[in-house]
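Here the structure is a predicted model, which means the values were calculated and not measured.
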Amino acid sequence: MDTKLRGDIAEQAAVLHALKRGWGVLKPVGDRLPYDLVFDVEGTLFKIQVKYAWFDEPSLNYVVDNRRTKTNRRQMLREAYKPGDFNFALVYIENLDLFYIFPIDIFICYGSEIHLVEAEKRQRKPRSAQYRNAWELISASPK
């Protein structure tokens with residue numbers, strides 16, 4: 001499965017989860033904006049960036065790149081997102097059908113990758129655990 005297809009799967013899963021919560025969903029035309037969707041939560045619009053996390057065998061973690069990827073005919077360019085690019089990043093783990101919901105300031109403060117730990121045998125939870133299925137971060141955001 002190529003990265004475009006994985007991204008499409010993650011976006012459609014995000015749409016489904018939002019609709020189940022009674023939120024409106026808007027999709028921008030084209031893919032040149034720094035966000036993929038807009039959620040309408042009781043009249044407040046939130047720009048949403050959707051990412052697909054892959055499983056990294058050596059670390060036994062799910063991993064997502066938190067940089068923007070632009071492609072042209074010859075090369076793939078990566079650059080950091082900026083604070084105004086979107087409100088929330090939704091990171092999808094397909095085989096668990098779950099999302100990590102990161103406010104943008106948290107999402108961009110990581111290096112180039114975010115490792116998501118889903119293993120039960122740990123002495124303490126990783127700092128990303130508080131964002132696991134944290135949909136309330138969106139619905140409780142200031143209007």
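L33 and Y52 fall within a single hydrophobic cluster, where Ile, Leu, Val, Met, Phe, Trp and Tyr are joined by side-chain heavy atoms under 4.5 Å apart, directly or via other members. One hydrophobic cluster, built from ILVMFWY side chains closer than 4.5 Å, cannot hold both V38 and L16; they sit in different ones. Residues F55 and V64 are members of one and the same hydrophobic cluster, defined by side-chain heavy-atom contacts under 4.5 angstrom among Ile, Leu, Val, Met, Phe, Trp and Tyr. Hydrophobic clustering keeps Y110 apart from W54 (ILVMFWY residues linked when any side-chain heavy atoms are closer than 4.5 Å, directly or through intermediates).
Checked for salt-bridge contact, D85 and K47 miss the test: no charged N lies under 4.0 Å from a carboxylate O. Salt bridge K27/E11: present, at least one basic N to carboxylate O contact under 4.0 Å. Using a cut-off of 4.0 Å between Lys/Arg side-chain N and Asp/Glu carboxylate O, K4 and D2 are scored as not salt-bridged.
Atom CG of L26 and atom CG of L37 lie 9.0 Å apart (nearest 0.5 Å). The OG atom of S128 sits 12.0 Å away from atom CZ of F107, with the distance rounded to the nearest 0.5 Å. In this structure, CD1 on I114 lies 10.0 Å from OH on Y131, to the nearest 0.5 angstrom.
Considering only heavy atoms from C-beta on, N87 stays 4.5 Å or farther from P103 through its side chain. In this structure, I138 and I48 have side chains that are in contact, with non-hydrogen atoms separated by less than 4.5 Å. V15 is listed as a side-chain neighbour of L19, based on a closest heavy-atom distance under 4.5 Å.
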Checking I101 against V91 for the side chain to side chain contact (heavy atoms under 4.5 Å, CB included) test, could you report, in this order, the C-alpha distance in whole Å, the side-chain angles of both residues, the deciding distance, and whether it holds? CA-CA 7 Å; I101 289 81; V91 178; over 6 Å; no

Apply side chain to side chain contact (heavy atoms under 4.5 Å, CB included) to residues I93 and F99 and explain how you reach the verdict. CA-CA 6 Å; I93 299 177; F99 280 92; over 6 Å; no

Worked check of side chain to side chain contact (heavy atoms under 4.5 Å, CB included) between L98 and E118: CA-CA 11 Å; L98 75 88; E118 284 296 316; 4.1 Å; yes

What verdict does the side chain to side chain contact (heavy atoms under 4.5 Å, CB included) test give for E113 and N66, after you've listed the backbone C-alpha separation in whole Å, the side-chain angles of each residue and the deciding distance to 0.1 Å? CA-CA 6 Å; E113 292 181 343; N66 70 338; 5.8 Å; no

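For K20, the NZ atom counts as loosely surrounded, since its 6.0 Å shell holds 12 or fewer non-hydrogen atoms of other residues, nucleotides or ligands.
By the 30° and 60° cut-offs, the orientation of the rings of W23 relative to F39 is tilted.
Partner of F102 under the side chain to side chain contact (heavy atoms under 4.5 Å, CB included) criterion, out of D105, I104, I106: I106 alone.
Nearest heavy atoms, A14 versus L90: CB-CD2, 4.0 Å. Annotation for P28 and Y35: closest pair CG-CE1, 3.7 Å, computed over non-hydrogen atoms. Between Y100 and V117 the shortest heavy-atom distance is OH-O, 3.9 Å. The two residues D56 and S59 make their nearest non-hydrogen contact at OD2-OG, 2.6 Å.
Counting only N and O atoms by type, the side chains of Y62 and N95 include a donor and acceptor under 3.5 Å apart. Side-chain polar atoms of D97 and Y92 form a donor-acceptor pair below 3.5 angstrom.
Although no hydrogens or angles enter the test, the distance criterion places a donor-acceptor pair under 3.5 Å between the side chain of D36 and the main chain of V50. The backbone N or O of R67 lies less than 3.5 Å from a partner atom in the side chain of K51, making a donor-acceptor pair. Between the N61 side chain and the V63 main chain, no donor and acceptor come within less than 3.5 Å of each other.
Remark: R21 qualifies as a cation-pi partner of W135 under the 6.0 Å distance and 45° angle criteria applied to the six-membered ring.
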